[in-house]
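Structure record follows, encoded as C-alpha cells.
These values consider heavy atoms only, across backbone and side chains, with no hydrogens, waters or symmetry-generated copies.
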Amino acid sequence: MTFIDWSDADGMIGMLVDFVADERAKCRNDPERLHFVEDVLAQLQAVEANVQEIPAEATIQSLEVLHGSADSRFSCDPVMLHLKDCIDELERVENC
C-alpha cells in the first residue's frame, strides 16, 4: 500500500501532473479538449519544476491563476475539478 504525504506540495503537484497526463491520453479524439488538457499540463509542469524553490503560497497562487484563466467551457472537466481539489488541499495544509 502506498501512503500519500498530503503535506508534501511537490508530491501533490506530481500526482496532479500524472493525472492530467493520463487524461491527455484519453482525449485523442476530442481536439478541443486535447488542446485544453495539453495547455493545462504544460502549465502544471512549469509549476512542478519550480515547486521546491518557491514558497507554498506562490505555488498555490500559480495554481489559482491557472484555474482562473482556464477556458470556462471546461469548468466541470475532471482536470479542473482535480486542480481545484489540489489547490484546496494545499491551502488547508498551509493554514494548519
Side-chain angles (χ1 to χ4, degrees):
M1 174 183 280
T2 302
F3 291 96
I4 299 169
D5 180 2
W6 291 110
S7 66
D8 175 22
D10 190 22
M12 279 192 274
I13 302 293
M15 288 187 299
L16 182 60
V17 167
D18 290 344
F19 172 78
V20 175
D22 290 345
E23 286 299 300
R24 177 181 58 185
K26 294 178 184 177
C27 59
R28 297 271 181 219
N29 296 326
D30 184 347
E32 285 185 57
R33 183 167 188 253
L34 179 60
H35 177 72
F36 163 74
V37 171
E38 286 179 338
D39 183 50
V40 171
L41 181 58
Q43 292 182 62
L44 283 174
Q45 288 170 330
V47 171
E48 182 182 35
N50 295 313
V51 75
Q52 292 183 351
E53 286 83 34
I54 62 175
E57 290 177 8
T59 299
I60 293 167
Q61 184 178 19
S62 296
L63 295 175
E64 287 174 335
V65 167
L66 171 57
H67 188 267
S69 66
D71 187 332
S72 62
R73 292 176 297 159
F74 295 99
S75 63
C76 293
D77 190 274
V79 166
M80 295 307 293
L81 299 176
H82 278 70
L83 175 57
K84 180 63 175 140
D85 289 343
C86 184
I87 292 167
D88 291 345
E89 187 61 22
L90 288 170
E91 287 176 335
R92 187 193 67 74
V93 169
E94 182 67 14
N95 292 325
C96 287

Query raised in the report: Which atom pair, heavy atoms only, marks the closest approach of G14 to E48?
Result: CA-OE2, 3.3 Å
Query raised in the report: If you measure from CG on L16 to CG on L90, what distance do you get to the nearest 0.5 Å?
Result: 9.0 Å
Query raised in the report: What's the spacing between L44 CG and F19 CZ if we round to 0.5 Å?
Result: 11.0 Å
Query raised in the report: For the atom pair CD1 (I87) and NE2 (H67), what is the distance rounded to the nearest 0.5 Å?
Result: 5.5 Å
Report task. Could you check L41 against V79 for side-chain contact (heavy atoms from CB on, under 4.5 Å), going step by step and ending with a plain yes or no? Result -> CA-CA 9 Å; L41 181 58; V79 166; over 6 Å; no
Query raised in the report: Taking C-beta and beyond as the side chain, do M15 and H82 meet within less than 4.5 Å on heavy atoms?
Result: no
Query raised in the report: Just wondering, are more than 12 heavy atoms of other shown residues or ligands nearer than 6.0 Å to CD in E94?
Result: yes
Query raised in the report: Stepwise, does the side-chain contact (heavy atoms from CB on, under 4.5 Å) test hold for F36 with M80?
Result: CA-CA 10 Å; F36 163 74; M80 295 307 293; 3.5 Å; yes
Report summary line: The reported gap from CD1 in I54 to OG in S62 (rounded to nearest 0.5 angstrom) is 5.0 Å
Report summary line: Of all heavy-atom pairs linking V37 and V20, the shortest is CG1-O, 3.6 Å
Requested in this report: Start with the C-alpha gap between R92 and D88, add the side-chain angles, then the distance that decides, and say whether salt bridge (Lys or Arg N to Asp or Glu O under 4.0 Å) holds.
Outcome: CA-CA 6 Å; R92 187 193 67 74; D88 291 345; over 6 Å; no
Report summary line: Rounding to 0.5 Å, atoms CD (E64) and OG1 (T59) come to a distance of 11.0 Å
Requested in this report: Apply side-chain contact (heavy atoms from CB on, under 4.5 Å) to R73 and E32, showing your working.
Outcome: CA-CA 10 Å; R73 292 176 297 159; E32 285 185 57; 2.4 Å; yes
Query - ILVMFWY network linking L34 to F74, side-chain heavy atoms under 4.5 angstrom - result: no
Query raised in the report: Which distance, rounded to the nearest 0.5 Å, do you find between the CZ of R24 and the CG of D39?
Result: 12.5 Å
Query raised in the report: Around atom CD of E53, are there more than 12 heavy atoms of other residues, nucleotides or ligands at under 6.0 Å?
Result: yes
**Report entry** Short N-O contact, D22 and K26, less than 4.0 angstrom
**Finding:** no
Query - Heavy-atom neighbours of E38 CD exceed 12 at 6.0 Å - result: yes
Requested in this report: Would you check, one step at a time, whether the test side-chain contact (heavy atoms from CB on, under 4.5 Å) holds for L66 with V47?
Outcome: CA-CA 10 Å; L66 171 57; V47 171; 5.8 Å; no
